[in-house]
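Numbering of ligands and ligand atoms starts at 1, following listing order.
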Amino acid sequence: MENLPAGFDLGGKVAIVTGAARGIGAATVALLRARGARIVASDINDAVASLAHDDVATLTGDVADEETARRTVALAMERFGRLDILVNNAGRTMNKPLIDMSVADWDGIMAVNARGNFLQSQEAVRTMIAGGSGVIVNVASIVSAVGMKDTAAYAASKGAIAQLTKVIAVEYGDRGIRANAVAPGVVETDILEGIVKDSRATLASYGGVHPIGRVGQASEIAEVIAFLASPASSFMSGALVMADGGYTAL
Ligand SMILES: NC(=O)c1ccc[n+]([C@@H]2O[C@H](COP(=O)([O-])OP(=O)(O)OC[C@H]3O[C@@H](n4cnc5c(N)ncnc54)[C@H](O)[C@@H]3O)[C@@H](O)[C@H]2O)c1
């Protein structure tokens with residue numbers, strides 16, 4: 001266990017992390033575990049099963065399906081007996097100009113990023129209300145706040161996530177529930193796999209658009225998520241926290 005100030009300790013907490021098989025989700029599972037949390041790690045990719053451990057239960061499912069949300073929260077309760085934290089991280093992107101985007105493209109991105117976030121949050125909040133407290137951390141994006149070419153569906157879905165975060169904060173603050181979102185700049189992961197030839201190299205080439213001169217790493221976003229999930233951020237709710245190397249300060 002790291003030697004941390006008490007507010008960062010997640011000992012005794014149970015967290016769900018969606019999209020946990022790789023990238024920011026996998027880094028988040030590793031960090032929350034290191035800080036003492038027990039975890040339900042879910043993903044549409046059954047590679048998530050490789051994370052299974054005494055303190056990590058895994059589940060394969062599509063966050064866009066209602067059934068997945070029910071199964072995920074039920075697994076947290078069955079295996080660990082409580083639910084304190086939901087990290088809505090699962091997401092997909094698409095790079096297409098608006099005029100080339102099909103209805104199926106639009107619906108596909110909205111289903112995973114916006115509907116998925118809604119379904120997971122709804123199911124988790126029901127259980128958190130019964131438990132008397134809870135924390136939701138949503139993974140938004142710089143395009144929740146600013147425009148970027150070729151991201152119509154993705155940016156709209158991430159804007160929806162930023163707004164959903166605020167509504168949950170306002171609607172359930174008096175039930176002991178906080179909700180915040182982290183808005184990463186470009187982070188070097190495999191998110192563009194199948195969209196461009198080399199996802200990591202392509203993303204790394206965006207370093208110069210951030211004032212600090214480089215892209216982010218998954219572990220740097222996980223740090224912000226762990227903070228927002230912890231009592232150290234106890235007076236924060238409804239915030240869109242930029243973790244973008246200064247991108248939106250320009
Ligand atoms: N990489 C970036 O530059 C960047 C920037 C801003 C925000 N984000 C957001 O961070 C989050 C994590 O992305 P990443 O960069 O780690 O990408 P990634 O592709 O490495 O990880 C995303 C994970 O989500 C899973 N997933 C996708 N669709 C799913 C579904 N329908 N149901 C369940 N799981 C599903 C994938 O299988 C994958 O394991 C996403 O919400 C993404 O939009 C990423």
Side-chain angles (χ1 to χ4, degrees), residues 16-31 40-51 58-69 71-72 86-95 107-121 136-146 148 150-151 153-162 164-165 181-196 198-207 209-210 214-222 224-225 240-245 247-248:
I16 289 170
V17 179
T18 71
R22 67 183 193 187
I24 294 167
T28 301
V29 170
L31 188 58
V40 173
S42 73
D43 205 288
I44 199 167
N45 181 347
D46 57 18
V48 73
S50 70
L51 299 178
T58 66
L59 179 146
T60 304
D62 182 345
V63 290
D65 291 342
E66 282 179 84
E67 195 48 35
T68 302
R71 285 198 295 128
T72 309
L86 167 65
V87 181
N88 276 311
N89 165 76
R92 279 181 51 208
T93 192
M94 172 171 294
N95 287 13
D107 287 348
I109 294 295
M110 293 301 279
V112 177
N113 298 359
R115 187 170 78 204
N117 197 302
F118 154 67
L119 291 171
Q120 296 284 320
S121 297
I136 295 189
V137 184
N138 290 329
V139 181
S141 165
I142 43 177
V143 298
S144 300
V146 297
M148 188 184 284
D150 299 337
T151 69
Y154 183 70
S157 73
K158 291 294 182 178
I161 288 171
L164 186 57
T165 305
V182 57
V186 179
V187 181
E188 198 179 337
T189 67
D190 296 312
I191 195 167
L192 293 180
E193 197 180 73
I195 298 174
V196 299
D198 184 340
S199 176
R200 285 174 182 267
T202 303
L203 290 170
S205 74
Y206 283 97
V209 303
H210 304 77
R214 64 172 178 83
V215 295
Q217 296 301 318
S219 59
E220 293 178 292
I221 307 306
V224 182
I225 293 171
L240 179 65
V241 179
M242 312 314 295
D244 66 354
Y247 185 99
T248 50

Practice item. Could you check atom 38 (C) of ligand 1 against the protein and tell me its nearest heavy-atom contact, residue, atom and distance included? Key: Asp43 OD2, 3.6 Å
Revision key, fill the gap. When distances are taken from atom 33 (C) of ligand 1, the protein heavy atom at minimum range is Ile44 N, 3.3 Å
Review point. Closer than 4.0 angstrom: is that true for some heavy atom of Gly61 and an atom of ligand 1?
Key: yes
Review point. Does Thr165 reach the main-chain N or O of Ala181 with its side chain, forming a donor-acceptor pair under 3.5 Å?
Key: no
Review point. Starting from atom 40 (C) of ligand 1, which protein heavy atom do you reach first, and at what distance in Å?
Key: Asn89 O, 3.2 Å
Exercise for review: Before signing off on this row, confirm whether Arg92 and ligand 1 have an N or O atom pair separated by under 3.5 Å.
Suggested key: no
Point to revise | Heteroatom distance test (Gly25, ligand 1): nitrogen or oxygen, under 3.5 angstrom | key: no
Review point. Atom 23 (C) of ligand 1: which protein heavy atom is closest, and how many Å away?
Key: Gly19 O, 3.6 Å
Review point. Considering residues, nucleotides and ligands other than Gln217, do more than 12 of their heavy atoms fall under 6.0 Å from its CD?
Key: yes
Point to revise | Min N/O separation Asn45 to ligand 1 under 3.5 Å | key: no
Practice item. Please confirm whether Leu203 comes within less than 3.5 Å of ligand 1 when only nitrogen or oxygen atoms on both sides are compared. Key: no
**Study point:** Shortest protein contact, atom 19 (O) of ligand 1 (heavy atom only)
**Key:** Arg22 NH2, 2.9 Å
Exercise for review: May I ask you to check whether Ala64 has an N/O atom sitting below 3.5 Å from an N/O atom of ligand 1?
Suggested key: no
Practice item. Give the single entry among Ser42, Gly91, Ala243, Ala26 that approaches atom 27 (C) of ligand 1 most closely by any heavy atom. Key: Gly91
Point to revise | Heavy atom of Ala140, distance to ligand 1 below 4.0 Å | key: yes
Review point. Of the listed options (Asn138, Val187, Ile191, Asp190), which comes nearest to atom 13 (O) of ligand 1 when hydrogens are ignored and any heavy atom counts?
Key: Ile191
Exercise for review: Using a 4.0 Å heavy-atom cut-off, say whether Lys158 meets ligand 1 through its side chain, its backbone, both or neither.
Suggested key: side chain
